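The structure under discussion appears below in the form of structure tokens.
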Amino acid sequence: MRANSVLRGAYKNIIVDNPIKSVQLVTLDRPKALNALNNELMAEFNDILNKAQSDGEITSVVLTGSDKAFAAGADIKEMKDISFVEAYKRDFLSSWNLIRDFRKPIIGAVSGYALGGGFEIAMATDILLASESAKFGQPEINLGIIPGGGGTQRLIRAVGKAKAMEMILTGRMIKAQEAYDRGLISQVLPNDQLLPAALKIAEEIATKSSISVQAAKESINAAYEMPLSEGLRFERRLFHQLFATNDQKEGMSAFIEKRKPSFTNE
Ligand SMILES: C/C=C/C(=O)SCCNC(=O)CCNC(=O)[C@H](O)C(C)(C)COP(=O)(O)OP(=O)(O)OC[C@H]1O[C@@H](n2cnc3c(N)ncnc32)[C@H](O)[C@@H]1OP(=O)(O)O
């Protein structure tokens with residue numbers, strides 16, 4: 001039996017589905033709390049990512065929420081009484097790093113609120129789409145804290161210092177169109193077209209060699225960490241290594257023979 005038919009219905013706060021065989025659709029489903037990210041939900045999410053990582057049939061993940069909320073942030077009720085000692089000892093939020101280390105593409109599809117940790121998870125996806133109803137913000141300042149899931153680091157890279165400061169210091173939200181204009185998301189869509197558009201991208205990626213897809217993701221993400229000269233070297237090394245794959249031979253032969261490539265991911 002496929003791993004994912006086992007996963008269906010296995011989680012309390014997340015619905016897992018495969019609308020396309022090779023695509024893991026992950027829908028956050030804690031409607032009464034606007035998909036607030038509590039420990040249980042994050043543990044479930046990490047479990048799904050771990051399984052999707054090792055499932056050879058899964059080529060990408062699509063992550064979405066409800067029409068009203070992608071996720072309204074970390075669960076305030078759960079974290080309100082945490083002490084510094086507890087937060088420090090268990091390295092609170094360190095489990096949120098798994099999405100960063102996930103090697104297959106993750107496509108985020110946001111409707112409604114993507115706030116605080118919800119926005120941070122959205123920014124950690126690889127391709128981010130939003131519906132016209134989407135609202136993005138880092139309102140932690142209103143709670144007497146700052147973003148703790150990467151917001152101060154990722155938002156500045158996406159929208160620049162002035163806008164990141166404005167959003168984080170005031171807690172103001174921006175709408176989908178502004179997020180698009182600022183390069184934070186790649187498409188704004190009518191609500192009913194959001195998920196089909198995300199799945200279409202996932203389906204298209206599934207036709208490529210998974211090795212070159214992962215190498216491309218790795219190389220793009222390296223740009224966050226490295227100076228340009230090192231990034232260019234890193235890219236060229238990965239580029240060279242792809243000549244050791246069957247898929248490179250197949251891709252180039254197929255082009256010359258005027259046919260579609262048939263990649264084997266080897
Ligand atoms: C490292 C990361 C840190 C963080 O992420 S800190 C959290 C940052 N996020 C926020 O501060 C957003 C908090 N939520 C809101 O401001 C509002 O919600 C909205 C503007 C998103 C929506 O407002 P409305 O439409 O009036 O809904 P409603 O009645 O406030 O929420 C419905 C239920 O959802 C619960 N809820 C919403 N967000 C959270 C949350 N982040 N943590 C825990 N619960 C949340 C509420 O309490 C309520 O529940 P009940 O009906 O039992 O009162």
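Small disclaimer: the values here were computed from a predicted structure and weren't measured. Each ligand, and each atom within it, is numbered from 1 in the order the structure gives.
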For residues 180-205, which side-chain N or O atoms pair as donor and acceptor with protein atoms under 3.5 Å away, sequence neighbours left out?
residue, atom, partner, partner atom, Å
D181, OD1, Q177, NE2, 3.1
R182, NE, E178, OE2, 2.8
R182, NH2, E178, OE2, 3.3
S186, OG, L128, O, 3.4
N191, OD1, S131, OG, 3.0

- Query: Taking side chain as C-beta onward, heavy atoms only, is I211 less than 4.5 Å from F263?
  - Reply: no
As a test of reading the model: which N/O atoms of the protein lie under 3.5 Å from N/O atoms of ligand 1, and at what distance?
residue, atom, partner, partner atom, Å
ligand 1, 5 (O), A74, N, 2.7
ligand 1, 5 (O), G117, N, 2.8
ligand 1, 9 (N), A72, O, 2.9
ligand 1, 25 (O), K68, NZ, 2.7
ligand 1, 34 (O), K32, O, 3.3
ligand 1, 41 (N), A72, O, 3.0
ligand 1, 41 (N), A74, O, 3.0
ligand 1, 42 (N), I76, N, 2.9
ligand 1, 47 (O), K77, NZ, 3.1
ligand 1, 49 (O), K77, NZ, 3.4
ligand 1, 52 (O), K77, NZ, 3.2

- Task: Using salt bridge (Lys or Arg N to Asp or Glu O under 4.0 Å) as the criterion, list what pairs up with R259, not counting sequence neighbours.
- Result: E250, E257
- Query: Any chance the side chains of Y113 and N35 put a donor and an acceptor closer than 3.5 Å?
  - Reply: no
- Query: F136: what forms a ring pair (Phe, Tyr, Trp, His ring centres under 6.0 Å) with it, not counting sequence neighbours?
  - Reply: F119
- Proximity of F239 and F243 rings by center, below 6.0 Å: yes
